[in-house]
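The structure under discussion appears below in the form of structure tokens.
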Amino acid sequence: MKIDWNIIEQRNISGVEISTYRTESNGISGIFDFAIIFNSYDSRSLEYANLFSSKQFSNSLLLNFKSKKVIKRDNYKKNLKELTRISNKVIEYSNSLDIFDYRNNINIILSLIPKEVIFNGAKWFIDITGIPNIYLLSLFKRFKKIFPSPELYLLNVSGDYQANDGKVHKHFSEGISRDIYIPYYEGEPNFSKPWNYIFLLGFEGERSLSILKKCDPDFCNVIVADPGYANNYKELALKQNECFLKELSLKDEDLSYIDVGKIIDVYDKIDQIKTNLKSEMNICIVPLGSKPHALGAGIYALIHPEISIMYQIPQKYYLKEIKRGKYMWLYKIK
């Protein structure tokens with residue numbers, strides 16, 4: 001499949017072929033055997049439809065989490081209309097998924113995948129723009145464990161976090177329920193050994209600080225997106241995590257900065273951290289930032305199953321209008 005986007009990184013890592021593409025406006029050609037679209041509140045989650053012509057998906061699945069918001073219902077109608085145009089067949093699963101029922105929802109999604117789209121060389125497109133990291137990583141690992149495993153094409157549309165009132169969106173969830181390992185990323189911890197936590201920071205500094213204080217890891221490393229989705233992304237992330245960084249006595253030179261869209265660079269940094277450990281430790285990754293950074297962590301833990309990945313369950317997810325930013329990224333993972 002030819003992709004007329006700028007390729008910004010490419011490598012085969014332990015048999016997993018990874019390519020990262022970036023564009024501002026180009027479409028996607030070719031036929032996909034299956035597509036998964038998650039209905040969302042923000043308008044950028046509808047951008048995928050502008051990338052495709054008629055009937056490029058043989059099969060597609062449209063998923064929707066429970067919500068009473070009118071805009072979300074309107075977006076569902078738009079998604080259904082677009083998928084009917086793009087797909088030969090659309091499977092709908094609407095308004096019965098509780099977003100917090102993670103394991104059950106993942107099993108439901110797996111059960112909805114048509115058997116005819118699982119074959120050698122199958123190509124699946126998934127828009128990951130509007131879903132929490134816990135779904136992205138859990139489904140990614142399960143899809144990679146399918147035999148034969150499909151070629152995955154994951155789309156992430158950057159966001160413009162400047163709200164209509166001039167303020168910047170910094171909070172995407174409310175409250176803290178509990179901390180869990182992401183399903184299928186429990187790792188293989190040896191509780192007699194020390195813990196090294198790797199924090200992938202975003203804008204929600206109260207979450208990083210909460211996990212730090214509750215889990216009290218022996219050692220910590222920090223990765224921040226730079227360049228980010230916007231010019232001030234790094235500064236906002238550092239400001240929002242100021243208390244967390246002070247608690248660790250970390251200065252700017254102690255942090256690692258990686259392009260917001262580069263998953264291989266995230267993989268390499270985690271590998272470097274692991275290689276440089278002076279003794280055997282348990283490693284737990286905490287993805288609190290961008291989806292590409294979380295995906296890089298997921299690929300690392302896929303290849304190194306001893307690694308754990310933590311997720312903090314909020315009491316509530318915020319539904320906010322996030323318009324698309326400058327770039328879109330497409331991740332081909334085979």
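- By the rule that hydrophobic residues join a cluster once side-chain heavy atoms approach within less than 4.5 Å of another member, F38 and Y102 end up as members of one cluster.
- Shortest non-hydrogen contact noted between R207 and P314 is NH2-CB, 3.2 Å.
- Residue K214 places its NZ atom among more than 12 non-hydrogen atoms of other residues, nucleotides or ligands, all under 6.0 Å distant.
- Clustering ILVMFWY residues whenever any of their side-chain heavy atoms sit less than 4.5 angstrom apart, transitively, puts F219 in a cluster other than the one holding L245.
- Side-chain contact of Y135 with N105: a donor-acceptor pair under 3.5 Å is present, judged by distance alone.
- Hydrophobic clustering (side-chain heavy atoms under 4.5 Å, transitive across Ile, Leu, Val, Met, Phe, Trp, Tyr) groups V266 together with I134.
- A donor and an acceptor atom, one from each side chain of Y300 and D271, are located under 3.5 Å apart.
- Considering every non-hydrogen atom in both A297 and I309, the closest pair reads O-CD1, 3.8 Å.
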request  = Give the intermediate values and the outcome of salt bridge (Lys or Arg N to Asp or Glu O under 4.0 Å) for residues E306 and K274.
outcome  = CA-CA 11 Å; E306 72 276 11; K274 183 174 183 292; 3.7 Å; yes
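- Under the side-chain contact (heavy atoms from CB on, under 4.5 Å) test applied with Q272, the options T275, I270, N276 reduce to a single match, N276.
- For W5 (side chain) and G27 (main-chain N/O), a donor-acceptor pair under 3.5 Å exists by modelled atom type.
- Scanning all heavy atoms of the two residues, the minimum distance from S58 to N88 falls at O-CB, 3.4 Å.
- For the residue pair Q312 / S210, a side-chain donor-acceptor distance below 3.5 Å is found, with atom types taken as modelled.
- Checking side-chain atoms of R85 against main-chain N and O of A49 turns up a donor-acceptor pair under 3.5 Å.
- In this structure, the side chains of S308 and I283 stay at 4.5 Å or more apart for every pair of heavy atoms.
- Heavy-atom minimum distance, P287 versus I285: CD-O, 3.5 Å.
- Relative ring orientation between F57 and F32 is described as perpendicular, the plane-to-plane angle rising above 60° on a 0-90° scale split at 30° and 60°.
- Side-chain contact check for K269 versus Y257: every heavy-atom pair is 4.5 Å or farther apart.
- Although no hydrogens or angles enter the test, the distance criterion places no donor-acceptor pair under 3.5 Å between the side chain of S87 and the main chain of V90.
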message = As a quick check of understanding, evaluate ring-ring contact (aromatic ring centres under 6.0 Å, His included) for Y185 and Y311, giving each step before the final call.
response = CA-CA 10 Å; Y185 292 93; Y311 185 78; over 10 Å; no
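- Side-chain contact between I36 and F34 is present, with at least one heavy-atom pair separated by less than 4.5 Å.
- Considering K234, Q240, E235 as possible partners of L238, the one that fulfils the side-chain contact (heavy atoms from CB on, under 4.5 Å) test is K234.
- At a threshold of 4.5 Å between non-hydrogen side-chain atoms, the residues S40 and T129 do not count as touching.
- Between the side chains of Y153 and E151, at least one donor N or O sits under 3.5 Å from an acceptor N or O.
- Considering only heavy atoms from C-beta on, W329 stays 4.5 Å or farther from L155 through its side chain.
- A donor and an acceptor atom, one from each side chain of N104 and D101, are located under 3.5 Å apart.
- One side chain, E92 or Y76, offers a donor N or O that lies under 3.5 Å from an acceptor on the other.
- With S19 as the fixed residue, the side chain to side chain donor-acceptor pair (under 3.5 Å) test singles out one of Q10, K334, K332, R11: Q10.
- Once rounded to the nearest 0.5 Å, the distance linking CD1 of I108 with CG of L63 reads 9.5 Å.
- Contact check for F244 versus L212: side-chain heavy atoms found under the 4.5 Å cut-off.
- The residues E242 and K239 are annotated as salt-bridged, a charged nitrogen and a carboxylate oxygen being separated by less than 4.0 angstrom.
- S208 and N241 are linked by a side-chain donor-acceptor pair at a separation below 3.5 angstrom, with hydrogens and angles left out of the test.
- Panel note: side chain K72, backbone F65; a donor-acceptor pair is recorded below 3.5 Å.
- Remark: E9 does not engage R22 in a salt bridge, criterion side-chain N to carboxylate O under 4.0 Å.
- The cluster map of Ile, Leu, Val, Met, Phe, Trp and Tyr, joined by side-chain heavy atoms under 4.5 Å apart, puts Y229 and I258 in the same cluster.
- A donor atom on one side chain and an acceptor atom on the other are found under 3.5 Å apart for N39 and N79.
- Heavy-atom minimum distance, P217 versus C220: CG-SG, 3.4 Å.
- Annotation: N231, atom CG; neighbour count of heavy atoms from other residues, nucleotides and ligands within 6.0 Å does not exceed 12.
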Acceptor/donor pairs from residues 193-200 side chains to any protein atom, 3.5 angstrom cut, sequence neighbours excluded:
unit_1: K193; atom_1: NZ; unit_2: E280; atom_2: OE1; d: 2.4
unit_1: N196; atom_1: ND2; unit_2: N221; atom_2: OD1; d: 2.9

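- Put simply, the side chain of L209 reaches to within 4.5 Å of the side chain of E247, judged on heavy atoms.
- Between Y331 and Y21, a ring centre-to-centre spacing not shorter than 6.0 Å is recorded.
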inquiry  = Using the rule given for side chain to side chain contact (heavy atoms under 4.5 Å, CB included), can you reason through E24 versus K326, listing the C-alpha separation, both sets of side-chain angles and the distance that settles it, and then say yes or no?
reply    = CA-CA 6 Å; E24 294 183 38; K326 183 177 182 180; 3.3 Å; yes
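- The two residues Q56 and I28 come nearest to each other via the heavy atoms NE2-O, 2.9 Å.
- Counted within 6.0 Å of CZ on F147, heavy atoms from surrounding residues, nucleotides or ligands total 12 or fewer; the atom is thus considered open.
- Under the 4.5 Å side-chain heavy-atom criterion for Ile, Leu, Val, Met, Phe, Trp and Tyr, F143 and I128 are members of the same hydrophobic cluster.
- Between T23 and Y327 the shortest side-chain heavy-atom distance does not fall below 4.5 Å.
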